[in-house]
Amino acid sequence: MPLAAVAYGNEVSGQRAIGAHLSPAEYVRGLTRLAEVVGNAWRGKPRPPPRILGPSSMWDESWVGEMLRLLVAEGKAGGGVGGGVRLGG
């Protein structure tokens with residue numbers, strides 16, 4: 001069975017985070033790096049790379065809004081193997 005997804009720091013966002021607390025900028029850097037690593041590992045493979053999953057369980061609206069703003073502003077949102085982070089399904 002192929003790997004469907006890789007999660008990045010599900011509980012490190014915002015004030016309700018468990019354990020570590022990452023700023024939106026720190027989170028975007030890590031999320032982008034993970035997308036690059038996964039994209040490079042799957043380059044040339046017959047199957048598509050797994051999806052990269054981000055924060056979900058500790059919803060903090062302002063934190064997530066800033067994270068999404070940074071992803072879009074830095075041109076990291078958009079999908080593509082090797083660094084693109086796709087927003088949505």
Side-chain angles (χ1 to χ4, degrees):
M1 172 171 255
L3 183 62
V6 177
Y8 179 72
N10 189 29
E11 297 175 341
V12 297
S13 58
Q15 295 302 313
R16 293 181 227 135
I18 295 174
H21 298 271
L22 299 180
S23 72
E26 292 170 314
Y27 193 88
V28 166
R29 282 192 299 275
L31 187 67
T32 301
R33 180 66 185 125
L34 178 61
E36 291 169 353
V37 168
V38 169
N40 289 333
W42 262 262
R43 185 164 295 166
K45 303 284 192 270
R47 296 182 188 267
R51 292 180 181 235
I52 307 298
L53 305 179
S56 66
S57 66
M58 299 296 169
W59 185 262
D60 179 327
E61 186 175 345
S62 63
W63 189 96
V64 171
E66 178 63 8
M67 180 201 66
L68 294 174
R69 186 194 68 75
L70 289 168
L71 280 171
V72 171
E74 294 180 14
K76 302 296 183 185
V81 174
V85 177
R86 181 172 38 189
L87 301 177

Partner set under salt bridge (charged side-chain N to carboxylate O under 4.0 Å, His left out) for Arg29, not counting sequence neighbours: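 For Arg29, no residue satisfies salt bridge (charged side-chain N to carboxylate O under 4.0 Å, His left out) once neighbours in sequence are set aside.
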
Residues forming a side-chain contact (heavy atoms from CB on, under 4.5 Å) with Val6, sequence neighbours excluded: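 Partners of Val6 under the side-chain contact (heavy atoms from CB on, under 4.5 Å) test: Leu3, Leu34, Val38, Pro50, Ile52.
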
Heavy-atom pair of closest approach, residues Pro24 and Met67: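 Smallest interatomic distance, heavy atoms only, reads CB-N, 3.7 Å.
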
Which atom of Trp42 lies closest to which atom of Arg47, heavy atoms considered: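 So the two residues come closest at CD1-O, 3.7 Å.
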
Donor-acceptor under 3.5 Å (Tyr8 side chain, Thr32 main chain):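 No; judged by distance alone, with no hydrogens or angles, the pair does not exist.
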
Separation between CG of Leu31 and CD of Glu26, rounded to the nearest 0.5 Å: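 Here the interatomic distance stands at 13.5 Å.
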
Beyond-backbone contact of Leu68 with Val72, side-chain heavy atoms, under 4.5 angstrom: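 Answer no - side chains too far apart.
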
